[in-house]
Number of protein chains: 2
Amino acid sequence: MRALTPKGAATRQRIVEGAALLIREHGPANVGLDDIRAATTTSKSQLFHYFPDGKSDMLLAVAAHEAERVLDDQQPYLSDLTSWAQWESWRDRVIARYAAQRRKCPLSALTAQLGLANPAVGDIITGMYSRWQGQIAAGVRTVRPDADAERVAAQMIGAIAGGATMLVATDDIRYLEIGLTEAIENLRRD
Amino acid sequence: MRALTPKGAATRQRIVEGAALLIREHGPANVGLDDIRAATTTSKSQLFHYFPDGKSDMLLAVAAHEAERVLDDQQPYLSDLTSWAQWESWRDRVIARYAAQRRKCPLSALTAQLGLANPAVGDIITGMYSRWQGQIAAGVRTVRPDADAERVAAQMIGAIAGGATMLVATDDIRYLEIGLTEAIENLRRD
DNA sequence: GTCATTTTGGACCACACAGTCCAATTTCAA
DNA sequence: TTGAAATTGGACTGTGTGGTCCAAAATGAC
């Protein structure tokens with residue numbers, strides 16, 4: 001896999017996106033290589049050509065792809081939390097996103113599937129949360145320079161993660177609404 | 001399975017507890033019926049005798065068993081949140097429990113494995129959270145009769161769920177500590 | 001134009017593992 | 001004591017599925 005012609009890169013891309021779509025819809029446990037092959041009009045040899053280590057290798061790429069999406073979906077709000085109105089917009093954005101995907105949280109499903117075994121998965125997840133928390137903390141510093149920005153950001157990340165978990169578990173979006181709203185409110189009146 | 005002699009009941013129990021232990025340790029995806037058979041000194045026919053619908057049936061029983069444990073582990077604190085000192089003790093208890101199990105959260109692993117497909121799983125999880133939230137809300141009413149007890153309880157459940165999720169994802173207990181501490185603090189100074 | 005390299009097709013393999021089956025043994029009520 | 005029902009042992013089967021292999025076709029550098 002030293003060189004990679006444009007055609008090859010396109011195929012690889014098609015595989016990742018097709019697999020991501022399938023997994024988002026049906027869950028990683030219910031998607032086999034044959035399903036991915038069929039959905040992306042590829043062959044077995046292509047799958048293993050672009051992902052020499054097999055399925056786990058592919059799921060890793062899918063996980064990285066999904067992690068990107070999580071943060072991208074929150075732009076431009078997340079990177080510009082400079083007024084309370086912006087904070088509100090961001091919150092609404094996050095809630096809307098989760099309300100839309102309902103019980104289908106691709107990242108939690110993937111991490112659960114890949115598990116703690118693979119340290120590379122941990123890096124992806126940790127990195128994503130780290131960037132996420134960093135951007136929130138930056139926002140906190142602009143509206144509340146005196147607050148413990150990292151702590152507040154950690155609280156918000158926790159509230160979001162909890163809200164998402166409860167959404168998946170109980171199909172109830174209110175946990176996310178309450179958690180995020182309270183965290184922002186808390187910051188505001190500090 | 002109409003009748004169930006004491007011997008049979010004991011065997012069934014042994015299977016559930018043995019399977020739960022194994023799954024807690026290795027994750028549901030990495031535990032096969034043969035592993036359970038070996039660990040519980042039973043035979044294939046026994047497994048299917050007590051769980052006619054096979055593995056999913058068994059995992060359901062394991063999930064119910066684990067859900068019990070979650071609440072049991074918090075007693076007697078959870079059912080007696082009548083003073084701030086009691087709230088602190090409860091919080092410490094919850095944090096200690098999660099710190100001990102570290103990244104191995106049996107419930108989240110099991111729900112991820114069984115998935116949203118099975119409505120029976122949803123009932124177990126929803127029921128557990130419902131009872132949990134109810135007990136917290138009862139505690140809120142004793143220390144803050146004027147507060148919106150259900151909302152506060154929901155916030156705390158969300159903080160715990162988020163803390164647990166982040167603990168699994170990043171192996172960092174601080175999200176749980178911060179979330180729970182802030183939630184209680186918030187209630188206290190309201 | 002030609003030759004090496006990349007890309008592709010798809011048949012085939014290996015095996016893990018859920019689930020079946022039947023016979024042997026134990027339990028317990030009458 | 002006896003016999004029906006529950007319990008147990010373990011060999012066997014079937015299949016879903018990840019992974020291998022090799023040859024054919026496309027690509028691109030020179």
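Per chain, numbering begins at 1; letters A, B, ... match sequence-line order.
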Colleague: Would you please name every residue forming a side chain to side chain contact (heavy atoms under 4.5 Å, CB included) with B:S43, sequence neighbours left out?
Modeller: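 Side chain to side chain contact (heavy atoms under 4.5 Å, CB included) check on B:S43 returns B:S45, B:Q46.
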Colleague: To the nearest angstrom, how far is A:Y50 atom OH from C:dG9 atom P?
Modeller: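 Distance check: A:Y50 OH to C:dG9 P gives 10 Å.
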Colleague: Looking at every heavy atom in both B:D171 and B:R103, which two are closest together, and how far apart are they?
Modeller: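 Heavy atoms of B:D171 and B:R103 come nearest at OD1-CG, 3.3 Å.
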Colleague: List the residues meeting salt bridge (Lys or Arg N to Asp or Glu O under 4.0 Å) with B:D73, not counting sequence neighbours, and say none if there are none.
Modeller: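 So B:D73 forms a salt bridge (Lys or Arg N to Asp or Glu O under 4.0 Å) with B:R97.
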Colleague: Output the rounded distance in Å from CZ (A:R12) to C1' (C:dT8).
Modeller: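 From A:R12 CZ to C:dT8 C1': 17 Å.
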Colleague: Tabulated below should be each protein N or O lying under 3.5 Å from an N or O of nucleotides 17-21 of chain D; please produce it.
Modeller:
{"unit_1": "D:dG18", "atom_1": "OP1", "unit_2": "A:K55", "atom_2": "NZ", "d": "2.9"}
{"unit_1": "D:dG18", "atom_1": "OP2", "unit_2": "A:L33", "atom_2": "N", "d": "2.8"}
{"unit_1": "D:dG19", "atom_1": "OP2", "unit_2": "A:K55", "atom_2": "N", "d": "2.9"}
{"unit_1": "D:dG19", "atom_1": "N7", "unit_2": "A:K44", "atom_2": "NZ", "d": "3.2"}
{"unit_1": "D:dG19", "atom_1": "O6", "unit_2": "A:K44", "atom_2": "NZ", "d": "2.7"}

Colleague: Taking side chain to side chain contact (heavy atoms under 4.5 Å, CB included) as the test, write out the residues that go with B:A20, two or more places apart.
Modeller: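 B:A20 satisfies side chain to side chain contact (heavy atoms under 4.5 Å, CB included) with B:R24, B:V62, B:H65, B:E66 once adjacent residues are dropped.
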Colleague: Sugar-phosphate means primed atoms, P, OP1 and OP2; the rest is base. With that split, encode nucleotides 24-30 of chain D 5' to 3' as B, S or - using protein heavy atoms under 4.0 Å.
Modeller: --SS---
Colleague: Rounded to whole angstrom units, what separation is found between the CG atom of B:D57 and the C1' atom of C:dG19?
Modeller: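 Computing the B:D57:CG to C:dG19:C1' distance gives 13 Å.
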Colleague: Which donor-acceptor pairs under 3.5 Å do side chains of residues 155-163 of chain A form with protein atoms, sequence neighbours excluded?
Modeller:
none

Colleague: For B:L47 and C:dG19, give me the distance from atom CG to atom C1', rounded to whole Å.
Modeller: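 Result: 11 Å.
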Colleague: Can A:D34 and A:R37 be counted as an ion pair, charged N to O under 4.0 angstrom?
Modeller: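 Salt bridge flag = yes for A:R37 with A:D34.
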Colleague: Got B:T11 and B:T42 here, is their nearest side-chain heavy-atom distance under 4.5 Å?
Modeller: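 They are in contact (side-chain heavy atoms under 4.5 Å apart), so the answer is yes.
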Colleague: Would you indicate, yes or no, if D:dT7 has its OP1 or OP2 atom less than 4.0 angstrom from a side-chain nitrogen or oxygen of B:Q46?
Modeller: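 Answer is no, no contact under 4.0 Å.
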Colleague: How close or far is atom C1' of C:dC17 from atom CG of B:L22, stated in whole angstroms?
Modeller: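 Going from CG in B:L22 over to C1' in C:dC17 covers 15 Å.
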Colleague: Do B:E17 and B:R69 meet the salt-bridge criterion of a basic N to acidic O distance under 4.0 Å?
Modeller: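 Salt bridge flag = no for B:E17 with B:R69.
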Colleague: So A:W90 and A:D80, side chain to side chain contact (heavy atoms under 4.5 Å, CB included) or not? Walk me through it.
Modeller: CA-CA 9 Å; A:W90 169 67; A:D80 187 40; over 6 Å; no
Colleague: Over how many whole Å does the gap from B:F51 atom CZ to D:dT8 atom P extend?
Modeller: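 Rounded to the whole Å, the gap is 12 Å.
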Colleague: B:H49 has an atom NE2; how far is it from atom P of C:dC22, in whole Å?
Modeller: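 That distance rounds to 17 Å.
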